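To keep things clear, I will list the structure first and then write my remarks on it.
Every chain is numbered from 1, with letters handed out A, B, ... down the list of sequences. Here the structure is a predicted model, which means the values were calculated and not measured. We use all heavy atoms of the structure for the numbers below, so side chains are in, but hydrogens, waters and symmetry mates are not.
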Protein chains: 2
Amino acid sequence: MGTVGKAISLLELFTVDQSELGLSDLARRSGFDKATTRRLLVALTARGFIEQDATTRHYRLGAGLSRLARIREARFPFLQTAVPLVRDLATTTAETVHLSEFGIDRLVTIHVEHPARANRVNVDIGQLLPMHSTASGIAYLAFARDETVKACLAGPLDVFTAHTLTEPDAISRSMSEARERGYSISDQGLEEGVISVAAAILAADGFALGTIAVAAPKSRTTAADIAQRGLAVVAAAREISMRLNGDNLQTLRRQA
Amino acid sequence: MGTVGKAISLLELFTVDQSELGLSDLARRSGFDKATTRRLLVALTARGFIEQDATTRHYRLGAGLSRLARIREARFPFLQTAVPLVRDLATTTAETVHLSEFGIDRLVTIHVEHPARANRVNVDIGQLLPMHSTASGIAYLAFARDETVKACLAGPLDVFTAHTLTEPDAISRSMSEARERGYSISDQGLEEGVISVAAAILAADGFALGTIAVAAPKSRTTAADIAQRGLAVVAAAREISMRLNGDNLQTLRRQA
DNA sequence: AAATAATGGTTCAAATAATGAACCGACATC
DNA sequence: GATGTCGGTTCATTATTTGAACCATTATTT
C-alpha cells in the first residue's frame, strides 16, 4: 500500500462512535508504526483533514474534508436532480412518493410529493426512517457497503408492527430479493395498513446513496399495483442515478 | 512536501467552478510530474477520494470525502444547526448571508444564502476568505486563540483594495472594536463596493469556531442598515453557539 | 488529408522519502 | 518506586516515489 492509501486508511478508522482517537490507538488499529502513524497525522493535520484536540491530544476528522465534500456536493445536486422525477412518479402512481438520503445510520427524508386525495400515506421532510423496517431501508441496504449493512443490523431492531422483520436472516432475505427484482417491498413493516416499494439510487461507485419510494394505503393496493409501482420506482431510481453519474455508473459486482 | 501533502494538494485543485480536471491539467496546476500526478490520482481513486469519468477520463472529487465529512458532522453538527438561522437572517436582511468555518489559516465558506435580486454580493461555497481583509476574518480573530491570531497576522497580508487594512495595529484595533460591539465591519476590505458585518460563532471552549456574515453592495447600505445587521448577525451567532454547545458555553476571559 | 500538438497513460534506473526499533519525558496505576 | 501507558522524537536502513522519455489516441491546424 502506498503512503497515500495509508493516510486515507487512518482517516477511515474514525466512525460516528469512535470520532476521537489517540495516537497509540490509531497506530494499533491501523497496524502502522507509531512514528509512521504520527507522521501521517501531522501531514493530514497540516492540510486540515485531521484536527487535534488541544487538551486531550486526541485526533479527529478535520474541516478540510467538509470543505471538499461540499465542493463535490455543489456539483452533485442530488435534490435538484431527483425532484422532477419524484414529481413524475407521484403523478403516474397517484400515491405518496418520498426521496431519502442516507445519514449516519438512518435514511433522512429530503423530499415528498403527496397525491391530492384525502386517504393517503403522510411522510414529512426531515423524517428519519429505520433501515430494517422500511422499503427504503431494505432497498438501501441491498446496495450498501458490507460494513454499513453490518452496522445497521448490529443495534437493537425496533418492532413497530406485528409485521416488522427483526431476524437478521429474514432481513437479509428481503435484501436479496430486492437485489434480484430491483426494488424492495415493505408490507406494514413500519405502520399498520401501509405498503411501500422502494429502489436504491446509486452513486458512481455502485453503492447506494439514497432511495426513492412509493407508499400507499394497503386497503386499495393490489399485487398488480405493487408490481407496477416497483417497475416505476426502479426506472425513476435508474434515471436519477444516471443523471447524477453520467454513464459512468459502475455495476456493483456482488454475491447474490 | 510529503506524498500525503501532494495528494491532498491535488484534491484542493478542485473548486465549484473547476469541478472536473484532466490529468495533464492537474499535473500542470500542481506542478507535479504527470506520472506522479497519475499515481496519486490512482491511489486517491482506490479509496474513493477521487472519481474518474468513464468517457471524458477527467477526474473529480469522490464520494469517500462526503462519507468522512458526514462522520465529522455527526459529532459536529455545525451546518445543520446553523443553516436555518442563516436562512432566517437572509430573509430578514434581504442580502447575502454566508457561514464560514476556520480551516488552517483561512475561513472556509460552508453555506450561503443569496437574496432573490440581481444586484447582490456573490459568494461561493468552498470559497476561502482571508482573515485580515474580511468582516468574517476580523470577527473570527477577535475570539481566536492568541497563537492563531499571531499566525494569521504573521504572513504577508495581501492588499485587495485601497481600503484593505494591512497594518497589524490597525487590524488589532478592528478586532478590539469587534469584541466590544460584538460584530465586525469590513468596508470594502476585500472588494470595492462591498460592505459586510460578521459575528463569531463560539465553540464550547469560548474560542471562535466560525462566523456568520451579511454582505451587501455599499451603494444601498446606510449606517443604520449596518447597525441593524450587526445586531441581527450577533443574535444569530449567539443562537448558533448556544444550540451547538448547550448552556455550557464558557465565557472567554479575555483582555479587552 | 497530412501534419502538428494536444491528450491519457506507462516504464524503470536514480533520487528521495518513508520506515521502525529504540528512545524520551510525563502521567497514571500498582 | 517499579511498571505500564501515553504522546512524541531520532536516524540509519529500506522501500517508495520520481521524472525523462516513451506509447497510442484524439483533437487541432495547416
Using whole Å, report how far [atom1] of [X] lies from [atom2] of [N].
| X | N | atom1 | atom2 | value |
| --- | --- | --- | --- | --- |
| B:Leu23 | D:dC23 | CG | P | 19 Å |
| A:Gln52 | D:dG7 | CD | P | 9 Å |
| A:Arg39 | D:dG7 | CZ | P | 18 Å |
| A:Arg38 | D:dC11 | CZ | P | 16 Å |

Taking N and O atoms by type only, does the side chain of B:Lys34 place a donor or acceptor under 3.5 Å from a partner on the base of D:dG19?
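Answer is no: no donor-acceptor pair is held.
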
Do the rings of B:Phe102 and B:Tyr140 sit parallel, tilted or perpendicular, given the 30° and 60° boundaries?
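Geometry flag for B:Tyr140 against B:Phe102: parallel rings.
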
Should we say atom CZ of B:Arg181 is surrounded by more than 12 heavy atoms from elsewhere, each under 6.0 Å from it?
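Atom CZ in B:Arg181 is packed in, count exceeds 12.
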
Run through B:Arg60, B:His58, B:Gln52 and flag the one making a side chain to side chain donor-acceptor pair (under 3.5 Å) with B:Glu20.
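Single pass found, and it is B:Arg60.
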
Contact between B:Leu202 and B:Phe143 at the side-chain level, heavy atoms closer than 4.5 Å - yes or no?
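When only atoms from C-beta onward are counted, B:Phe143 and B:Leu202 do touch, with a gap below 4.5 Å.
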
Out of C:dG20, C:dT10, C:dG8, whichever nucleotide has its closest atom nearest the side chain of B:His58
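Per side-chain heavy atoms of B:His58, the pick is C:dG8.
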
Would you mind telling me which of D:dG19, C:dG8, D:dT17 lies closest to the side-chain atoms of B:Arg57?
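Among the listed nucleotides, the one closest to the side chain of B:Arg57 is C:dG8.
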
Partner of D:dT29 by Watson-Crick or G-U wobble geometry, both contacts under 3.5 Å, or none?
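With both distances under 3.5 Å, D:dT29 matches C:dA2.
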
